[in-house]
**Q** 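First the structure, then my questions, so here it is.
We number each residue from 1, following the sequence as shown.
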Amino acid sequence: MQEIISILKFIITSNTLNFVIMVLLLAYLVKRFALSAAFDKSIESVKSNIAKSDDEKKNSQVLLRKAEDLMQKLPEDIKTMEDNTKAKVEVFKDKIEKDTTKSISNINNNINRVVSIEEKKISNLLTNDASQASVNAARQHIIRMLNENPDLHSKFIQNSLDELDRISL
């Protein structure tokens with residue numbers, strides 16, 4: 001019995017035998033629980049993820065190239081936009097200048113019209129005032145002449161009567 005115990009001790013402490021037992025036990029467990037299918041599934045999943053990652057990498061590289069192309073064209077696009085903006089500014093500037101000139105011309109025309117109207121009003125007022133002053137001066141002159149020479153009064157009456165007689169003919 002001692003020998004059996006010593007052999008068992010030797011077997012238990014032997015690394016090679018433990019390794020063989022462990023490999024057999026692992027083989028049994030792999031078959032028993034279908035671990036090879038799970039490993040295969042995991043391997044396929046990893047392969048699929050790698051393939052997907054490669055596709056995304058290619059797409060990203062395409063997008064990167066497009067972005068780089070856009071970046072290279074950016075200064076040219078900016079220059080084009082600046083040129084277009086300058087052209088539009090010139091057009092607006094010319095339009096504003098024309099509109100301003102037209103507005104100034106209209107204002108000058110309106111001013112000239114108002115000045116002309118005011119000149120006519122003043123002229124009419126002066127003419128009325130001059131006429132009124134002339135009538136008053138003539139009236140004063142006639143009154144003074146009649147006061148100085150009363151015979152003229154009879155003469156003016158007679159002249160008026162003669163004029164009325166001519167009209168009724």
**Q** Which residues satisfy the side chain to side chain contact (heavy atoms under 4.5 Å, CB included) test with I143, sequence neighbours excluded?
**A** R139, N147
**Q** Where do N84 and M81 land on the side-chain contact (heavy atoms from CB on, under 4.5 Å) test, with the steps shown first?
**A** CA-CA 5 Å; N84 289 342; M81 285 183 197; 5.6 Å; no
**Q** If hydrophobic clusters are built by linking Ile, Leu, Val, Met, Phe, Trp and Tyr wherever their side-chain heavy atoms come under 4.5 Å apart, do I7 and I21 end up in the same one?
**A** yes
**Q** Hey, could you give me the OG/NZ distance between S42 and K47, rounded to the nearest 0.5 Å?
**A** 12.0 Å
**Q** Are side-chain heavy atoms of M145 and H141 found at a separation under 4.5 Å?
**A** yes
**Q** Short question: side chain of T100, backbone of I96 - any donor-acceptor pair under 3.5 Å?
**A** yes
**Q** Please indicate whether E3 has more than 12 foreign heavy atoms, meaning atoms of other residues, nucleotides or ligands, lying under 6.0 Å from its CD.
**A** no
**Q** Applying salt bridge (charged side-chain N to carboxylate O under 4.0 Å, His left out) to E118 and K121, what does each step give before you reach the verdict?
**A** CA-CA 5 Å; E118 290 300 318; K121 283 183 183 178; 3.6 Å; yes
**Q** State the OG-CG distance between S131 and L126, to the nearest 0.5 angstrom.
**A** 10.5 Å
**Q** Take D151 and K155 through the test salt bridge (charged side-chain N to carboxylate O under 4.0 Å, His left out) and record every step on the way to the result.
**A** CA-CA 7 Å; D151 292 335; K155 182 179 173 185; over 6 Å; no
**Q** Under a 4.0 Å N-O cut-off, is there an ion pair linking E90 with K86?
**A** no
**Q** Strictly by side-chain hydrogen bond (donor to acceptor under 3.5 Å, both in side chains), give each pair with a member in residues 53-71 just once, sequence neighbours left out.
**A** none
**Q** Scan side-chain atoms only and decide if D162 and Q158 contain a donor-acceptor pair under the 3.5 Å cut-off.
**A** yes
**Q** Would you check if the side chain of S116 reaches a backbone N or O of N112 as a donor-acceptor pair within less than 3.5 Å?
**A** no
**Q** In the single-linkage hydrophobic clustering (I, L, V, M, F, W, Y; side-chain heavy atoms under 4.5 Å), do I117 and I122 co-cluster?
**A** no
**Q** With no hydrogens and no angle check, is any side-chain donor or acceptor of S123 less than 3.5 Å from a backbone partner on E119?
**A** no
**Q** Flag the pair D99 / K95 as yes when at least one side-chain heavy-atom distance between them is below 4.5 Å, and no otherwise.
**A** yes
**Q** Once you round to the nearest 0.5 Å, how far does CD of E76 lie from CD1 of I78?
**A** 11.0 Å
**Q** Is T101 reaching over with its side chain to a backbone N or O of E97, donor-acceptor style, under 3.5 angstrom?
**A** yes
